[in-house]
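The chains referred to below are lettered A, B, ... by the order of the sequence lines, with proteins before strands, and numbering in each begins at 1.
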Amino acid sequence: MGESMKSYRSHYSKDVTTEDYGKKITVAGWVEDIRNIGSIAFIILRDRKGTLQVTGLKKQHPELFEKLVGISRESVIAVEGLCKASDKARNGYEVIPEKFEVLSAAETPLPLGVVDKVESDLDTRLDNRFIDLRKPEIQAIFKIRTQVIAAIHEYLKSQSFIEVHTPNIIASSSEGGTDVFKLKYFEKEAFLAQSPQLYKQMLMATGLDRVYEIAWYFRAEEHNTRRHLNESTAVDLEMAFINSEEDVMKILENLVYNMWKRASKCTEELKILDKKVVLPKLPFKRLPYDEVIKKLNKNGSKITWGEDLGTEDERLLGEIMKKEGHEFYFITKYPIEVKQFYTMPEGEKYSRGFDLECKGVELASGSQRIHDVELLKKRLKECDLDPKDFESYLKAFRFGMPPHGGFGFGIERFLMELLEIKNIRECILFPRDRARLTP
RNA sequence: GCCCUGGUAGUGUAGUGGCCUAUCAUCCCAGCCUGUCGAGCUGGGGACUCGGAUUCAAAUUCCGGCCGGGGCGCCA
């Protein structure tokens with residue numbers, strides 16, 4: 001208390017070394033717990049790197065002691081005091097306060113405990129996400145997420161990809177099919193992009209050749225599952241002058257490998273989460289759709305040729321593939337009828353579309369695209385879409401469009417599989433789902 | 001959108017017609033305690049989702065709303 005301190009923090013909890021013992025330091029953070037024994041009290045202070053112990057002695061500073069033990073949990077304080085070695089404290093040292101400041105007192109009771117001995121529902125946690133995120137095991141997910149995204153940039157740039165940012169406000173629904181969010185754009189109607197699909201394809205007509213974007217997907221589908229969000233992020237990538245979708249799959253599997261590898265180096269976070277990340281083997285198995293149907297039928301599924309895989313079939317395939325030693329695998333050569341209009345057909349019935357699956361869950365989907373404008377128009381009509389709604393897109397195909405392909409790869413889905421998280425909402429800071437719009 | 005399921009203190013829960021003045025833990029408040037680290041002990045505080053209906057009697061049964069959870073469809 002008393003005169004204010006020069007700086008709120010000279011050290012984070014984990015940055016104090018034996019060299020600092022016997023010296024004056026300042027620490028700041030959230031009051032995680034107060035254990036008042038009577039004439040001595042222990043305050044557990046938490047910062048982004050961990051916790052430390054502030055030890056108050058009544059005899060030494062009666063007034064300061066009273067104020068210290070009167071702080072509410074989760075208040076933000078800064079403490080200046082002597083850093084003293086102690087075998088009895090967790091980190092090997094404790095801080096004997098000389099003065100402290102309450103920077104922000106927390107109200108009581110807390111809507112959600114940070115270290116309470118009871119579990120809370122996800123809904124309660126999300127309603128109080130700012131407190132939920134104070135937990136090291138929740139922060140760990142997002143620290144790993146940062147690393148994974150860094151690995152995306154690093155790998156793709158090493159492969160000469162250019163990072164782009166395409167519009168999220170668009171004039172017409174990008175791909176047809178899924179529902180889009182409508183919004184007012186001055187006197188016009190506009191939509192939130194369900195993906196950068198059409199834009200990244202148009203960029204293939206520019207000579208940039210290889211582009212990617214960490215994109216937002218906005219989807220107005222009223223799904224209610226553990227693996228869907230109405231607002232999610234993805235790596236969206238497109239590359240030109242490919243010979244076939246195989247070129248795209250090679251980039252994708254290497255990308256996944258590099259992301260996985262980077263995550264495996266987050267030892268501290270993985271320890272907090274009690275997870276082990278085992279590197280997948282390259283290359284991933286390519287499994288043609290025809291073979292998928294055979295495998296599924298042989299194992300009791302009634303799926304018939306031409307159908308897309310349902311959740312149950314996907315899961316069953318995941319089990320079959322795991323027995324064969326494949327956690328990751330591509331499903332290739334899908335029937336053209338289950339793929340979007342821009343997917344390159346192959347022969348009469350097939351396409352150059354693929355999905356990347358991990359343990360029975362779809363992580364990414366991609367294809368070689370159609371680059372011939374007449375074929376593209378034909379496919380639009382076959383998919384009950386009006387080429388007139390796609391004029392600005394189709395224009396890019398009329399003045400020199402190289403063969404190309406790409407994929408969309410969900411980042412939250414990836415984290416779910418990487419960290420074995422059961423609900424996708426855990427993988428995004430502030431999830432948007434069918435019902436949730438706040439916080 | 002469809003199917004199943006649930007809603008009890010701040011947070012989690014027990015209770016399935018009267019024994020409920022509602023259980024337990026956590027939490028909050030007060031007190032005791034000089035080495036806590038899931039601190040301990042003593043005392044105190046706090047709740048039946050909302051609106052109707054049935055019944056002598058409803059947290060408990062029925063109907064509707066609102067809000068969750070799980071599954072499916074669809075997808076990333």
**OP:** Please state the C1' separation for the pair B:rA58 and B:rU16 - nearest whole angstrom.
**Re:** 11 Å

**OP:** In whole angstrom, give me the gap between the C1' atoms of B:rU49 and B:rA9.
**Re:** 14 Å

**OP:** With heavy atoms under 4.0 Å as the rule, sort A:A364 into base, sugar-phosphate or nothing.
**Re:** sugar-phosphate

**OP:** Look at A:R227 and B:rG73 and indicate whether a side-chain polar atom (N or O) is within less than 4.0 Å of OP1 or OP2.
**Re:** no

Original post:
Starting at the 5' end of RNA chain B and moving along, which residue's nearest nucleotide shows up first, A:L110 or A:E222?
Top reply: A:E222

Original post:
What is the distance from CD of A:E74 to C1' of B:rU11, rounded to the nearest Å?
Top reply: 14 Å

**OP:** Please check the phosphate of B:rG12 (OP1 and OP2 only) for any side-chain N or O of A:T124 closer than 4.0 Å.
**Re:** yes

Subject >> Integer angstrom distance from the P of B:rG7 to that of B:rG15 >> reply: 11 Å

Subject >> A:R413 (side chain) and B:rC75 (base): donor-acceptor pair under 3.5 Å >> reply: yes

Original post:
Atom CG of A:D236 to atom C1' of B:rC75: distance rounded to whole Å?
Top reply: 14 Å

Atom pairs and distances, side-chain donor-acceptor, residues 208-218 of chain A, under 3.5 Å, sequence neighbours left out:
unit_1	atom_1	unit_2	atom_2	d
A:R210	NH1	A:Q159	O	2.9
A:Y212	OH	A:H153	ND1	2.6
A:Y212	OH	A:K157	NZ	3.2
A:E213	OE1	A:T166	N	3.2
A:E213	OE1	A:T166	OG1	2.8
A:E213	OE2	A:T166	N	3.2
A:Y217	OH	A:D236	OD2	2.4

Subject >> Carboxylate-amine/guanidinium contact A:D33 A:R35, below 4.0 Å >> reply: yes

Original post:
With a 4.0 Å cut-off on heavy atoms, is A:T225 in touch with a base, just the backbone sugar-phosphate, or nothing at all?
Top reply: base

**OP:** Hunt down the Watson-Crick or G-U wobble partner of B:rA59, both distances under 3.5 Å, from any strand shown, or write none.
**Re:** none

Original post:
Just checking A:F42: base, sugar-phosphate only, or nothing, at a heavy-atom cut-off of under 4.0 Å?
Top reply: base

**OP:** Could you please name the partner base of B:rA22, counting Watson-Crick and G-U wobble pairs only when both distances are under 3.5 Å?
**Re:** none

Original post:
Side chain of A:Y217: nearest nucleotide among B:rA76, B:rG35, B:rC27?
Top reply: B:rA76

Indicate every side-chain donor-acceptor pair of residues 108-117 of chain A with a distance under 3.5 Å to a residue at least two apart or in another chain.
unit_1	atom_1	unit_2	atom_2	d
A:D116	OD1	A:R73	NH1	3.4
A:D116	OD1	A:R73	NH2	2.8

**OP:** Give one of base, sugar-phosphate or nothing for A:N224, where a contact means two heavy atoms less than 4.0 Å apart.
**Re:** base

Original post:
Is it true that A:D123 and A:R425 make a salt bridge, defined as a side-chain N closer than 4.0 Å to a carboxylate O?
Top reply: no

Original post:
Charged N to carboxylate O below 4.0 Å: is that the case for A:K294 and A:E291?
Top reply: no

**OP:** Would you mind telling me which of B:rG12, B:rG1, B:rC74 lies closest to the side-chain atoms of A:R434?
**Re:** B:rG1

**OP:** Provide, to the nearest angstrom, the distance between the CD atom belonging to A:E412 and the C1' atom belonging to B:rC75.
**Re:** 13 Å

Original post:
Tell me: CD1 of A:I40 to P of B:rG35, nearest whole Å?
Top reply: 7 Å

Original post:
What integer number of Å spans the P atoms of B:rG44 and B:rC24?
Top reply: 12 Å

**OP:** State whether A:S120 places a side-chain N or O below 4.0 Å from either non-bridging phosphate oxygen (OP1 or OP2) of B:rU11.
**Re:** no

**OP:** Check every strand shown and say whether A:E231 touches a base, only sugar-phosphate, or nothing at a heavy-atom separation below 4.0 Å.
**Re:** nothing

Original post:
Would the number of heavy atoms belonging to other residues, nucleotides or ligands and lying under 6.0 Å from CH2 of A:W260 be above 12?
Top reply: yes

Original post:
NA contact type, A:I411, heavy-atom cut-off 4.0 Å: base, sugar-phosphate, or nothing?
Top reply: nothing

**OP:** Using a strict cut-off of less than 4.0 Å between a Lys/Arg side-chain nitrogen and an Asp/Glu carboxylate oxygen, indicate whether A:E362 and A:R413 qualify as a salt bridge.
**Re:** no

Original post:
Base, sugar-phosphate, or nothing for A:T233, non-hydrogen atoms under 4.0 angstrom?
Top reply: nothing

Original post:
Starting at CD1 of A:I96 and ending at C1' of B:rU36, how long is that distance when rounded to a whole Å?
Top reply: 13 Å

Original post:
Is any N or O donor-acceptor pair between the side chain of A:E119 and the base of B:rU11 shorter than 3.5 Å?
Top reply: no

Original post:
With a 4.0 Å cut-off, would you call A:E412 and A:R145 a salt bridge?
Top reply: yes

Original post:
Can you tell me the Watson-Crick or wobble partner of B:rG40, both distances under 3.5 angstrom?
Top reply: B:rC32

Original post:
Which part of the nucleic acid, if any, lies within reach of A:A41 when heavy atoms closer than 4.0 Å are counted: base, sugar-phosphate only, or nothing?
Top reply: nothing

**OP:** Check if the side chain of A:H228 and the base of B:rC74 share a donor-acceptor pair of N or O atoms closer than 3.5 Å.
**Re:** yes

Original post:
Heavy atoms under 4.0 Å, any strand shown: does A:E312 hit a base, just sugar-phosphate, or nothing?
Top reply: nothing

Original post:
If we call it a pair only when both distances are under 3.5 Å in a Watson-Crick or G-U wobble match, what pairs with B:rG68?
Top reply: B:rU5

**OP:** Please check the phosphate of B:rG73 (OP1 and OP2 only) for any side-chain N or O of A:T311 closer than 4.0 Å.
**Re:** yes

Original post:
So does A:K378 have more than 12 non-hydrogen atoms from other groups sitting under 6.0 Å from NZ?
Top reply: no

**OP:** Give the intermediate values and the outcome of ring-ring contact (aromatic ring centres under 6.0 Å, His included) for residues A:Y329 and A:F284.
**Re:** CA-CA 5 Å; A:Y329 46 94; A:F284 298 158; 9.3 Å; no

Original post:
OP1 or OP2 of B:rC37 less than 4.0 angstrom from a side-chain nitrogen or oxygen of A:N91, does that happen here?
Top reply: no

Original post:
B:rG10 C1' sits how many Å from A:D121 CG, rounded?
Top reply: 13 Å

**OP:** Output yes when A:E426 and A:R125 qualify as a salt bridge under the 4.0 Å nitrogen-oxygen rule, no when they do not.
**Re:** yes

Subject >> Rounded P spacing from B:rC28 to B:rG12 in Å >> reply: 15 Å

**OP:** Describe the nucleic acid contact of A:E314 in one word from base, sugar-phosphate, nothing, applying a heavy-atom distance below 4.0 Å.
**Re:** base

**OP:** Using a 4.0 Å heavy-atom cut-off across all strands, classify A:K59 as base, sugar-phosphate, or nothing.
**Re:** base

Original post:
Taking CG from A:D116 and P from B:rA9, how many angstroms apart are they, rounded to a whole number?
Top reply: 16 Å

Original post:
What nucleic acid atoms does A:R315 come within less than 4.0 Å of, heavy atoms only: base, sugar-phosphate, or nothing?
Top reply: sugar-phosphate

All N/O pairs under 3.5 Å across the protein-nucleotides 39-42 of chain B interface:
unit_1	atom_1	unit_2	atom_2	d
B:rA39	OP1	A:D33	OD2	3.4
B:rA39	OP1	A:K117	NZ	3.3
B:rA39	OP2	A:R35	NH1	2.4
B:rA39	N6	A:N36	O	2.9

Subject >> Atom C1', compared across B:rU13 and B:rU55: separation rounded to whole Å >> reply: 29 Å

Subject >> Closest to the A:E221 side chain, choosing from B:rA76, B:rC37, B:rC74 >> reply: B:rC74

**OP:** Both distances under 3.5 Å, Watson-Crick or G-U wobble: report the partner of B:rG45, or none.
**Re:** B:rC27

Subject >> Whether A:Y289 and A:Y334 hold their rings parallel, tilted or perpendicular, with breakpoints at 30° and 60° >> reply: tilted

**OP:** Among B:rU34, B:rA76, B:rG70, find the nucleotide with the atom closest to the side chain of A:L57.
**Re:** B:rU34

Original post:
Taking for each residue the nucleotide of RNA chain B bearing the nearest heavy atom, is the 5' side occupied by A:K84 or by A:S72?
Top reply: A:S72

